[in-house]
Number of protein chains: 2
Amino acid sequence: MRNRIREYRARYGLTQAELARLVGVRRETIVFLEKGRYSPSLRLACRIAKVFGTTVDELFLLQEGC
Amino acid sequence: MRNRIREYRARYGLTQAELARLVGVRRETIVFLEKGRYSPSLRLACRIAKVFGTTVDELFLLQEGC
DNA sequence: TTCGGATGTTATGTTTGTATAACATTGTGT
DNA sequence: ACACAATGTTATACAAACATAACATCCGAA
């Protein structure tokens, strides 16, 4: 499942470690999400979208499919 | 995490079993989601929103928090 | 060029979402 | 009251998300 985490993270000037800390997960988890190794729980997806002031649907391109 | 699955399901006149079949999970999973026993994966959340022609953010009231 | 921060990887363990089956309860039409 | 569909529950097992630690690579500044 594709997403725009890296793009938004760059826009906000955050490192993976900083984002991880902000949403309460490990940095490796952010790496795996950005690399598409697995898709997040809805809870985590929501926390990340909140940090970036956007919606889950927008951040994870849900109109492209699930 | 609150959601409007039951409300949308009623609006579409679907049983829990029918919705479960449409999104490829067991009926018990739908029961647990409606009852709030756990929150879904983003993948499942997206499939359910798709069936109801709405967004994940709207269906799971994500503006209320994660 | 070298050093350090940022990013990527791999292995192993824990937690949580989901499957499965069996049974209980509620509700509704007849 | 009865039958049956819909909904709810519980126990056990499995898969996927996430934690943790250790190490590897990449890249920009001094």
Side-chain angles (χ1 to χ4, degrees):
Chain A
M1 174 181 281
R2 233 178 106 232
N3 67 73
R4 304 171 64 186
I5 295 178
R6 177 177 293 262
E7 174 188 343
Y8 271 93
R9 190 168 58 77
R11 184 179 307 175
Y12 278 73
L14 293 176
T15 74
Q16 292 174 340
E18 288 168 338
L19 175 57
R21 192 173 163 284
L22 284 174
V23 299
V25 296
R26 293 221 121 214
R27 184 181 59 85
E28 292 88 338
T29 298
I30 301 297
V31 175
F32 289 155
L33 292 181
E34 289 189 353
K35 294 262 156 187
R37 304 250 317 220
Y38 50 62
S39 62
S41 64
L42 179 56
R43 269 213 209 82
L44 178 52
C46 182
R47 287 193 220 118
I48 301 175
K50 198 173 196 177
V51 165
F52 293 144
T54 184
T55 66
V56 167
D57 294 86
E58 166 74 8
L59 185 57
F60 291 89
L61 303 158
L62 298 188
Q63 79 290 350
E64 287 186 359
C66 319
Chain B
M1 176 182 280
R2 234 177 105 232
N3 68 72
R4 302 172 63 187
I5 296 178
R6 175 177 294 261
E7 175 188 342
Y8 272 93
R9 189 168 58 76
R11 185 179 307 177
Y12 278 72
L14 293 176
T15 73
Q16 292 174 339
E18 287 168 338
L19 175 58
R21 192 172 165 283
L22 283 174
V23 299
V25 297
R26 293 222 121 214
R27 183 180 60 84
E28 292 88 338
T29 298
I30 302 297
V31 174
F32 289 155
L33 292 181
E34 290 189 353
K35 293 262 156 187
R37 304 252 315 221
Y38 49 64
S39 62
S41 65
L42 179 56
R43 271 212 210 81
L44 179 52
C46 182
R47 287 194 219 115
I48 300 177
K50 198 174 195 176
V51 164
F52 292 144
T54 185
T55 66
V56 167
D57 293 86
E58 165 74 8
L59 184 57
F60 290 89
L61 302 158
L62 298 188
Q63 79 289 351
E64 286 187 1
C66 319

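A, B, ... follow the sequence lines: proteins, then strands. Residue 1 opens every chain. Since the structure is predicted, the reported quantities are computational estimates derived from the model, not experimental observations.
Residues from residues 51-66 of chain B lying near DNA chain C, meaning a heavy-atom separation below 4.0 Å, are absent.
With a 4.5 Å cut-off on side-chain heavy atoms, A/I48 and A/N3 do not count as touching. In this structure, A/T55 and B/T55 have side chains that are not in contact, with every pair of non-hydrogen atoms separated by 4.5 Å or more.
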Test side chain to side chain contact (heavy atoms under 4.5 Å, CB included) applied to A/L44 and A/L33, step by step: CA-CA 10 Å; A/L44 178 52; A/L33 292 181; 3.8 Å; yes
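Taking a heavy-atom distance under 4.0 Å as the criterion, the stretch of DNA chain D touched by chain A extends 5' to 3' from D/dA17 to D/dA22.
For B/R6 (side chain) and B/E34 (main-chain N/O), no donor-acceptor pair under 3.5 Å exists by modelled atom type. A distance-only check finds no donor-acceptor pair linking the side chain of B/D57 to the backbone of B/L62 [under 3.5 Å]. The backbone N or O of B/L14 sits less than 3.5 Å from a side-chain atom of B/R9, completing a donor-acceptor pair.
By the 30° and 60° cut-offs, the orientation of the rings of B/Y12 relative to B/F52 is tilted.
Salt bridge annotation for A/E58-A/R4: present, with a cationic side-chain nitrogen under 4.0 angstrom from a carboxylate oxygen.
Once rounded to the nearest 0.5 Å, the distance linking CZ of A/R43 with CZ of B/F60 reads 11.5 Å. Summarising the geometry, atom NZ belonging to A/K35 is positioned 9.5 Å from atom CZ belonging to A/R37; distances are rounded to the nearest 0.5 Å.
Take the nearest nucleotide of DNA chain D for A/R27 and for B/K35: the residue whose nucleotide is more 5' is B/K35.
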Protein-to-nucleotide contact annotation, 5' to 3' order, nucleotides 11-18 of chain C [B base; S sugar-phosphate only; - none; under 4.0 Å, heavy atom]: ------SB
